[in-house]
There are 2 protein chains.
Amino acid sequence: MAGIKQVQRQTGVALWRQIADRIREAIGSGAYDATGMVPPETALATQFGVNRHTVRSALAALAQEGIVRAVQGRGTLIERKERLNFPISRRTRFTDGLRDQARETHALLLGHAEEVADAEVARWLRIEQGTPVIRLETVRDADKRPVARGTSWFPAARFAGIGEIYRKTESITKAFAALGLSDYVRATTEITATHADSGDIADLELTPGAVLLITKAMNTDLEGVPVQYSISRFAADRVQFTIEN
Amino acid sequence: MAGIKQVQRQTGVALWRQIADRIREAIGSGAYDATGMVPPETALATQFGVNRHTVRSALAALAQEGIVRAVQGRGTLIERKERLNFPISRRTRFTDGLRDQARETHALLLGHAEEVADAEVARWLRIEQGTPVIRLETVRDADKRPVARGTSWFPAARFAGIGEIYRKTESITKAFAALGLSDYVRATTEITATHADSGDIADLELTPGAVLLITKAMNTDLEGVPVQYSISRFAADRVQFTIEN
DNA sequence: TCGAAATGTCTATTGATATAGACAACCATA
DNA sequence: TATGGTTGTCTATATCAATAGACATTTCGA
């Protein structure tokens, strides 16, 4: 195994951060499930070809994230390993998708506002640019860990007051129902990935350089009329998407 | 605009790399299309709240990637901006999906081997662990830029010799056809994101810390029997996925 | 053709990153 | 309880990352 997971020097990404990212990933993939512990610092130092102090910096960062906990004399224990799965289909719903994966989920409404559609929002919602829309800013947690932050737009004429309803129900599905839309389907999803920006780092409790999965999604009613356009930013080390065709 | 795209200090990711990543992203999203140039170094330094020399390091990295070219006295010109779109559906095919987006695409076979299915491959292909399978290692280019590297597994009994056929045809669809499978469909796709490892950096011409989109996909024949399981690693700044439901 | 605006180059200094070695403290167990 | 294996702490040194300032060089338009 030695040397398989190489790290790169002089690239603007500190070795300790590269190593922390690789260990976090290895934990998530179950590579250390046999022992429930990370290999000893000296072994990791050999594996990555770095000094033990550099490995310690990486493990300190992971401890800060709550992923591992070092115990003097014993080793470094894995505290948490998780990667939530989000199925994407016509029936995509955030909370339903997490059922059986998290004991409790929460949706926090950071804010909502009425504004006019810019070119991008108008294109997705198939309305005229300048039409009033309601924008919701949300952060969603699973078991008290933030998983995604999102911005959603709704046609204002049809869904007046959706912001306050969402704040109480913590559910788009319930908010739609309260406003007379009993069912809706996912029409289109675009997926990209990028680095976390300062807002992501704050809202999702990430570290700079962290990887994000970004979805741009459009839901329609059963007649195919767009009812919601949303951009969601997921912490990539905590989630995966599944598409069943 | 000043200060919107913040950068973070003391996180193991050098400021110049964070800034390079943000500028690359801004170029890809068309933020500088009006001028075809990146803003002046002094303006960027103000925007990101760093010294001009730090911005210069970032631009030097982007110049190294061939994305920008600095011209003394004029400014820094954008040389290349691209983000290919991959539709994911039952009819997902790599090359077809790129039609009209790239003038020429190539599939390079890095190697192929016959081996026995491990637990993961067996689960996806719904075969017994230990059953012979053929593994293909590929890198796919669009307009001479590497876009994705992938590993695919096929049941060996059914698709003997698929490696050599793929090398000639550069197409899974054609290789299947040559072996008697005229049509197939995408059954399941899992999408995650992570940092590039050393193999990604080499094959996809990336820099450490770069972001990858990873798909694990399974194709079946029209009877629903798995014919291919593949793991593909895409350079995230060059692609996006679209799911139409 | 002058000057504003832009990139290019140089020196100097400070703090973060990484290596190296030594030893202390702690834990499990033979 | 002695020992091997592990994490914790300390000092020292070299290199990279970032800031600061000054000035040169090039381009383009007034």
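Naming convention: chains lettered A, B, ... in sequence-line order (proteins, then strands); numbering from 1 in each chain.
- Between the CZ atom of B:Arg17 and the P atom of D:dA18 there is a distance of 11 Å, rounded to whole Å.
- Following rounding to the nearest Å, A:Trp16 (CH2) and C:dA18 (C1') show an atom-to-atom distance of 13 Å.
- At whole-Å resolution of the value, CZ in A:Arg69 and C1' in D:dG8 are 16 Å apart.
- Neither OP1 nor OP2 of C:dA5 sits under 4.0 Å from any side-chain N or O of B:Thr42.
- Between B:Arg56 and C:dG8 there is a side-chain polar atom (N or O) within less than 4.0 angstrom of OP1 or OP2.
- A distance-only check finds no donor-acceptor pair linking the side chain of B:Glu170 to the backbone of B:His106 [under 3.5 Å].
- A salt bridge links B:Lys216 to B:Glu120: one of the charged nitrogens lies within less than 4.0 Å of a carboxylate oxygen.
- Between B:Asn51 atom CG and C:dG15 atom C1' the separation is 14 Å, expressed in whole Å.
- Counting distance only, with no hydrogens placed and no angle test, the side-chain atoms of B:His53 and the base atoms of C:dG8 include no donor-acceptor pair under 3.5 Å.
- Judged by atom type and distance alone, B:Glu41 does not reach the base of C:dT7 through any side-chain donor-acceptor pair under 3.5 Å.
- Within a 6.0 Å radius of CD in A:Glu79, more than 12 heavy atoms belonging to other residues, nucleotides or ligands are found.
- The phosphate of D:dA17 (OP1 or OP2) has no side-chain N or O of B:Thr54 nearer than 4.0 angstrom.
- Remark: the B:Arg52 side chain and the D:dG21 base include no donor-acceptor N/O pair separated by less than 3.5 Å.
- C:dA18 atom C1' lies 16 Å from atom CG of A:Leu59, rounded to whole Å.
- Taking the nucleotide of DNA chain C with the nearest heavy atom to each of A:Gly73 and B:Val71, the more 5' of the two is matched to B:Val71.
- When distances run from any side-chain atom of B:Thr76 to the nucleotides C:dT7, D:dT19, C:dT19, the shortest one goes to C:dT7.
- Contact of A:Gln72 with C:dA25 (side chain to base): a donor-acceptor pair of N or O atoms is detected under 3.5 Å.
- Taking both residues in full, the closest heavy atoms of B:Leu44 and B:Pro39 are given as CD1-O, 3.5 Å, listed atom of the first, atom of the second, then distance.
- For the atom pair CD1 of B:Ile23 and CZ of B:Phe48, the computed distance is 5.0 Å after rounding to the nearest 0.5 Å.
- Note: CG (A:Leu44) to C1' (D:dT7) measures 13 Å, nearest angstrom.
- Note on B:Arg74: every side-chain N or O is 4.0 Å or more away from OP1 and OP2 of D:dT26.
- Residue-level contact check: A:Ser57 touches neither bases nor backbone, having no heavy atom under 4.0 Å from any strand.
- Atom-to-atom, CZ of A:Phe48 to P of C:dA18 comes out at 13 Å; the value is rounded to the nearest Å.
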